[in-house]
Amino acid sequence: MTSAIPDAVLDFIDVGKGSSARRIAVRHRAGRGSGHGPGVVWLGGFKSDMQGGKAVALDGWAGEHGRAAVRFDYSGHGESSGDFADGTIGSWLEDSIAVFERFCTGPQILIGSSMGGWMALLLAREIKRRQETQQAKASLAGLVLIAPAPDFTEELMWKNFSPGVKQEIETKGFWLRPSEYGDGTPYPITRKLIEEGRNHLVLGGAIDLGCPVRILQGAQDPDVPWQHAFALTHRLPADDVVLTLIQDGDHRLSRPQDIARILAAVAEIG
């Protein structure tokens with residue numbers, strides 16, 4: 001008789017100082033030793049939280065297989081503090097680095113969905129830099145990217161906005177974007193988000209992370225076109241990068257068959 005798998009532990013860490021200080025909610029579980037494979041770290045999407053179907057499925061899979069697992073909410077998302085409108089790519093990256101440093105040891109697979117794909121690339125680059133300077137207690141085993149949206153603030157937002165929307169962002173400081181997700185409430189796209197995002201663009205040159213990368217992309221994705229994922233593959237070394245195009249897949253990729261593909265990609269890396 002197998003024992004019940006314990007729930008992940010809910011924890012909070014403080015990130016930032018002064019007016020930018022926030023409490024980040026983290027759910028984590030310990031692994032049952034190195035023989036069970038690398039730990040997994042979930043990086044969610046823009047306006048998503050760690051209680052989504054893919055994140056919960058990944059955590060459950062990790063528990064069943066004795067793997068360490070970490071998922072969290074960026075500031076202004078889910079159970080973390082802060083105002084969503086104050087968030088930027090840089091501040092959410094700061095959240096990601098703080099969580100990784102606090103909760104991860106040994107080899108880790110980063111799994112990033114949509115904006116989380118961009119976060120995974122940025123976090124992986126930081127991990128690699130720290131490994132080279134021997135500052136890291138955790139290492140990078142690989143990346144699994146789901147409908148990854150690197151540079152989305154520039155490539156998928158700003159460049160596609162109408163002149164009227166751009167003017168509203170520049171004059172008012174934000175534009176309320178209609179939402180087809182969640183409860184349908186429009187959400188702010190701020191001038192700060194767009195401008196600060198330009199500090200973190202990755203598609204302009206090679207992205208050499210030194211680890212396997214698996215990308216899953218829906219061909220019917222209305223938010224992140226499959227061509228965007230294809231462009232990303234051209235920035236990654238060709239030796240261990242696999243792009244899987246799911247012909248009937250949408251942006252969420254949260255159907256049972258999609259989740260099965262995601263978990264298979266994680267298992268394939270190690």
Side-chain angles (χ1 to χ4, degrees), residues 8-28 40-56 58-59 69-104 108 110-127 130 138 145-154 156-158 169 172-177 179 181-183 185-202 223:
V9 176
L10 175 62
D11 222 328
F12 293 87
I13 63 169
D14 295 316
V15 179
K17 295 179 180 178
S19 61
S20 67
R22 60 261 189 204
R23 297 202 82 198
I24 301 302
V26 185
R27 280 184 165 80
H28 59 98
V40 295
V41 180
W42 174 259
L43 296 147
F46 191 63
K47 288 288 288 179
S48 297
D49 63 56
M50 62 175 160
Q51 296 288 49
K54 294 189 292 293
V56 170
L58 179 72
D59 178 73
V70 174
R71 54 194 163 114
F72 67 98
D73 289 329
Y74 309 114
S75 56
H77 291 68
E79 298 167 87
S80 291
S81 73
D83 188 337
F84 173 78
D86 291 334
T88 62
I89 300 303
S91 66
W92 294 329
L93 175 60
E94 186 181 20
D95 298 341
S96 305
I97 292 170
V99 169
F100 189 87
E101 284 187 332
R102 171 75 176 274
F103 294 99
C104 296
Q108 302 289 322
L110 307 182
I111 300 99
S113 177
S114 194
M115 180 183 82
W118 190 1
M119 284 292 146
L121 293 166
L122 294 170
L123 177 57
R125 191 164 64 184
E126 179 63 18
I127 295 166
R130 293 186 184 201
L145 308 178
I146 306 153
D151 300 10
F152 78 90
T153 51
E154 194 69 19
L156 303 179
M157 285 186 173
W158 188 252
I169 290 172
K172 287 176 61 179
F174 69 93
W175 167 63
L176 290 176
R177 182 178 189 171
S179 174
Y181 300 100
D183 61 4
T185 303
Y187 54 87
I189 304 299
T190 65
R191 185 173 63 203
K192 183 168 66 171
L193 175 73
I194 299 293
E195 292 178 348
E196 200 278 340
R198 291 173 182 146
N199 299 328
H200 305 284
L201 303 179
V202 297
D223 299 307

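Computed from a prediction, not measured in an experiment: that's the story for all the values here. Position 1 is the first residue of the sequence; numbering continues from there.
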Find the distance between [atom1] ([X]) and [atom2] ([Y]) and round it off to the nearest 0.5 Å.
X: Leu110; Y: Phe100; atom1: CG; atom2: CZ; value: 6.0 Å
X: Thr153; Y: Ile189; atom1: OG1; atom2: CD1; value: 9.5 Å
X: Ile111; Y: Trp42; atom1: CD1; atom2: CH2; value: 7.5 Å

Give the minimum heavy-atom separation between [X] and [Y], together with the two atoms involved.
X: Asp73; Y: Glu79; answer: OD2-N, 2.8 Å
X: Cys104; Y: Val70; answer: SG-CG2, 4.1 Å
X: Leu10; Y: Ala25; answer: CD1-CB, 4.4 Å
X: Ala55; Y: Met50; answer: CB-O, 3.4 Å
X: Leu176; Y: Pro186; answer: CB-CB, 4.1 Å

With sequence neighbours left out, write down each residue that passes side chain to side chain contact (heavy atoms under 4.5 Å, CB included) with [X], or none if nothing qualifies.
X: Ser81; result: Arg22, Arg23
X: Asn199; result: Glu196
X: Leu156; result: Ala149, Phe152, Val224, Pro225, His228
X: Arg125; result: Leu122, Val202, Leu209

Quiz prompt | Result of checking Phe72, Trp92, Tyr187 against His77 for ring-ring contact (aromatic ring centres under 6.0 Å, His included) | solution = Trp92
Are the side chains of [X] and [Y] in touch, meaning some heavy atoms are under 4.5 Å apart?
X: Ser75; Y: Ile24; answer: yes
X: Tyr74; Y: Leu43; answer: yes
X: Ile89; Y: Met115; answer: yes
X: Trp118; Y: Asp151; answer: yes
X: Lys47; Y: Ser179; answer: no
X: Val41; Y: Val99; answer: no

Exercise. Could you tell me whether a side-chain N or O of Thr88 sits under 3.5 Å from a main-chain N or O of Ser91, the two making a donor and an acceptor?
Key: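 Answer holds: yes.
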Quiz prompt | By ring-ring contact (aromatic ring centres under 6.0 Å, His included) - contacts of His28 (at least two apart) | solution =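 Expected list: Phe103.
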Exercise. Would you please name every residue forming a ring-ring contact (aromatic ring centres under 6.0 Å, His included) with Trp175, sequence neighbours left out?
Key: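 Scan of Trp175 (ring-ring contact (aromatic ring centres under 6.0 Å, His included), adjacent residues dropped) gives Phe161.
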Quiz item: Considering residues at least two apart in sequence or located in another chain, which fulfil the salt bridge (charged side-chain N to carboxylate O under 4.0 Å, His left out) criterion with Glu126?
Solution: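 For Glu126, the residues satisfying salt bridge (charged side-chain N to carboxylate O under 4.0 Å, His left out) (neighbours in sequence not counted) are Arg129, Arg130.
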Quiz prompt | Qualifying salt bridge (charged side-chain N to carboxylate O under 4.0 Å, His left out) pairs with a residue from residues 185-195, counting only residues at least two apart or across chains | solution =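 Counting only pairs at least two positions apart or across chains, no salt bridge (charged side-chain N to carboxylate O under 4.0 Å, His left out) contact touches residues 185-195.
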Tell me every residue that passes side-chain hydrogen bond (donor to acceptor under 3.5 Å, both in side chains) with [X], counting only those two or more places apart in sequence or in another chain.
X: Ser114; answer: His251
X: Asp49; answer: none
X: Ser48; answer: none
X: Arg198; answer: Glu154

Self-check item: Note: Asp59-Arg71 ion pair, threshold 4.0 Å (strictly below)
Solution: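 Between Arg71 and Asp59 there is a salt bridge, with a charged N closer than 4.0 Å to a carboxylate O.
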